Amino acid sequence: WGLDPDKHVAYRPPHWLNENEVARRIQREYPDKAQYRGEQAIFHLRVIVELDGSVSDCHIRKSTETEFLESNACEEM
C-alpha cells in the first residue's frame with residue numbers, strides 16, 4: 001500500500017467521528033434511477049487514514065454490480 005512501517009508502529013484502528021454525516025451525504029447523492037429501481041449495493045473499501053484523521057487514499061476494492069449505482073463513498077470521506 002506504500003506505507004512506511006516505521007511511521008505506523010503505534011497503529012490504532014480509526015474510530016469514526018462523523019459516520020452518520022458521511023452516510024447522509026452519500027444517501028443525498030443516491031442516483032434517482034437506482035433509487036427508483038430499488039438498487040442497493042455493498043462496497044468494500046480500502047482507506048488510509050492519517051494521524052490527523054484525514055483520509056489520504058481510498059479505493060473501492062469490490063462492490064455489488066448494479067446497473068445505475070456507483071458509490072461516491074471515497075469522495076465523501
Side-chain angles (χ1 to χ4, degrees):
W1 292 3
L3 299 176
D4 180 353
D6 294 333
K7 291 183 179 180
H8 293 84
V9 172
Y11 169 77
R12 294 180 318 169
H15 176 72
W16 279 88
L17 299 177
N18 64 341
E19 181 177 7
N20 291 332
E21 177 186 335
V22 171
R24 279 192 298 274
R25 289 196 315 247
I26 292 169
Q27 290 167 355
R28 274 196 306 263
E29 298 297 322
Y30 210 89
D32 291 336
K33 287 183 179 181
Q35 191 170 13
Y36 177 76
R37 294 177 62 134
E39 288 187 350
Q40 298 181 11
I42 297 173
F43 296 93
H44 295 258
L45 307 173
R46 181 186 76 200
V47 179
I48 296 178
V49 179
E50 298 297 327
L51 291 173
D52 66 358
S54 64
V55 173
S56 63
D57 188 28
C58 179
H59 175 74
I60 297 176
R61 295 184 60 222
K62 65 179 179 175
S63 67
T64 308
E65 290 188 25
T66 63
E67 189 172 348
F68 295 106
L69 185 59
E70 291 184 24
S71 177
N72 60 338
C74 284
E75 291 83 6
E76 290 302 333
M77 285 190 208

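From a predicted model like this one, the values you see are computed outputs, not experimental measurements.
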Nearest 0.5 angstrom please: [X] [atom1] to [Y] [atom2], how far?
{"X": "Asn20", "Y": "Gln27", "atom1": "CG", "atom2": "CD", "result": "9.0 Å"}
{"X": "Gln40", "Y": "Gln35", "atom1": "CD", "atom2": "CD", "result": "10.5 Å"}
{"X": "Asn18", "Y": "Arg24", "atom1": "CG", "atom2": "CZ", "result": "9.5 Å"}

- Query: In this structure, which one of Ser54, Cys58, Ser56 forms a side chain to side chain contact (heavy atoms under 4.5 Å, CB included) with Ile48?
  - Reply: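 When Ser54, Cys58, Ser56 are each tested with Ile48, the side chain to side chain contact (heavy atoms under 4.5 Å, CB included) holds only for Ser56.
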- Item | Ionic contact status for Glu29 with Arg25, cut-off 4.0 Å |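 No.
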- Asp57 versus Arg46, closest heavy-atom pair with distance: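 So the minimum-distance heavy-atom pair works out to OD2-NH2, 3.5 Å.
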